[in-house]
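Down below is the structure, laid out as structure tokens.
The structure presented is a predicted model; accordingly, all values stated were derived computationally and were not measured. Naming convention: chains lettered A, B, ... in sequence-line order (proteins, then strands); numbering from 1 in each chain. Computed from heavy atoms alone, side chains included, the values below leave out hydrogens, waters and symmetry copies.
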There are 2 protein chains.
Amino acid sequence: MSLMIQDSVRILQAQGYKVTRPRKQVLGVLDQAQKPLSPYDVQRLLGERGKYLNHVTIYRILDLFCRLNLAHRVLSSGGFVKCILGKKEGCHRFMVCRRCGTIQEFADGGLCREESRLAEDFGFHAEYHLSESYGLCASCYRLEES
Amino acid sequence: MSLMIQDSVRILQAQGYKVTRPRKQVLGVLDQAQKPLSPYDVQRLLGERGKYLNHVTIYRILDLFCRLNLAHRVLSSGGFVKCILGKKEGCHRFMVCRRCGTIQEFADGGLCREESRLAEDFGFHAEYHLSESYGLCASCYRLEES
DNA sequence: TGCTAAATGCAACAACGTTGCAATGGAGTC
DNA sequence: GACTCCATTGCAACGTTGTTGCATTTAGCA
């Protein structure tokens, strides 16, 4: 079940953050995007809709969203995607298609435990994991077959 | 068994790349570092030794090293570390200590297979994995206990 | 030693990200 | 609705990081 914009708004309010127009606009852009967006991407996309936001504001909003886990930063591209998993168990991971660039988020508690256990073998105490799988999504895989 | 500078030099030659003074200097700096270095870090460290390299050159050298797997880019910090695993099976992963910043590289074939299998459940065909565990290394863990 | 392609240096630029402070506006209260 | 307060935004200026094109140098080889 994917998280809706309304859910995000509720989380903002519940944590004592204001629901401002810029925040709603950024939520809207993230919601429609299929791929990670840089802060400047967000600015451009809003611009195309005739809306203007200062880039500093966008940076701050995206930082906030990440702190609240409403969005995540995808490391391999440096962009941001909205979180669709909510509080699902385990670290949130990404599958990134190298052909079309689309992102799919997933989580798996077992994988997290296995990863932490391996780290223990080195005396390392893992607190969370960043993980991105790179390859081909289902539809691009079919296309590359032919 | 950690990869030596000589091994890196041999790999450069074997692939038809020249073994230049700048490349040896960057290898030397990476070899001594305990943590990921940005290209500008490399430039500063060389500067402290009285050696000068243009930052563009450093970018190009680090890019080359990454292509040859002599070094890796650590995503969470954006810096580069030399690879100490060589051709060990499985994707090369990192454990990053949040306290002292040191890096430990490891690889585990089983974890890779499990990660790919999970992706298959979503119809995704993983080709490689980027993975960084964040937490406390053994010695920092002991310190935080007290 | 001389040759040549590969590698480096340089200059200019483009993109990305941050800081401090003044102006604005969301949300509660009257 | 009007008022108030403080979180939030806008603005300007700056700093860092990364890129491009072209002239110059140098590693490797004959």
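- Between the CG atom of Leu30(B) and the NE2 atom of His72(B) there is a distance of 11.5 Å, given to the nearest 0.5 Å.
- In this structure, the CG atom of Leu12(B) is 10 Å from the P atom of dT8(C), given to the nearest Å.
- Inter-residue side-chain proximity for Tyr40(A) and Tyr59(A) is flagged as met; some heavy-atom pair is nearer than 4.5 Å.
- Checking side-chain atoms of Gln25(B) against main-chain N and O of Leu46(B) turns up no donor-acceptor pair under 3.5 Å.
- Rounding to whole angstrom units, CG of residue Asn54(B) and P of dT17(D) are separated by 15 Å.
- Here the P atom of nucleotide dG18(D) and the CG atom of Leu53(B) are 17 Å apart, to the nearest Å.
- Note: Phe80(B) and Phe65(B) fail the aromatic proximity criterion, with ring centroids not under 6.0 Å apart.
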Worksheet item: Between His129(B) and Tyr134(A), does a side-chain contact (heavy atoms from CB on, under 4.5 Å) hold up when you go through it step by step?
Response: CA-CA 6 Å; His129(B) 312 282; Tyr134(A) 205 76; over 6 Å; no

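- Set against dC11(D), dG18(D), dA7(C), the side chain of Tyr52(A) has dC11(D) as its closest nucleotide.
- Following rounding to the nearest Å, Gln43(B) (CD) and dG18(D) (P) show an atom-to-atom distance of 12 Å.
- Side-chain atoms of Tyr40(A) and base atoms of dG17(C) include a donor and an acceptor less than 3.5 Å apart.
- Nearest heavy atom pair, residue Cys112(B) against residue Cys91(B), reads SG-N, 3.1 Å.
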Between N or O atoms, less than 3.5 Å apart, protein on one side and nucleotides 24-28 of chain D on the other: list the pairs.
from: dA27(D); atom 1: N3; to: Lys18(B); atom 2: NZ; distance (Å): 3.1
from: dG28(D); atom 1: OP1; to: Val19(B); atom 2: N; distance (Å): 2.9

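- When rounded to the nearest whole Å, the span between CD1 of Ile61(A) and P of dG17(C) equals 16 Å.
- Each of dT20(D), dG17(C), dA12(D) was ranked by its minimum atom distance to the side chain of Val56(B); first place goes to dT20(D).
- The shortest distance between the side-chain N/O atoms of Tyr59(A) and the OP1/OP2 oxygens of dT8(D) is not below 4.0 Å.
- Nucleotide dA7(D) holds its P atom 18 Å from the CG atom of Asp63(A), rounded to whole Å.
- Regarding Gln15(A), its CD atom lies at a distance of 17 Å from the C1' atom of dA27(C), rounded to whole Å.
- Counting only distance, with no hydrogens or angles, the side chain of Gln104(A) and the backbone of Met95(A) share no donor-acceptor pair below 3.5 Å.
- Here dA7(C) presents its P atom at 17 Å from CD1 of Ile58(B), a figure rounded to the nearest Å.
- Remark: the His55(A) side chain and the dT9(D) base include no donor-acceptor N/O pair separated by less than 3.5 Å.
- A donor N or O paired with an acceptor N or O is found under 3.5 Å between the base of dG9(C) and the side-chain atoms of Arg60(B).
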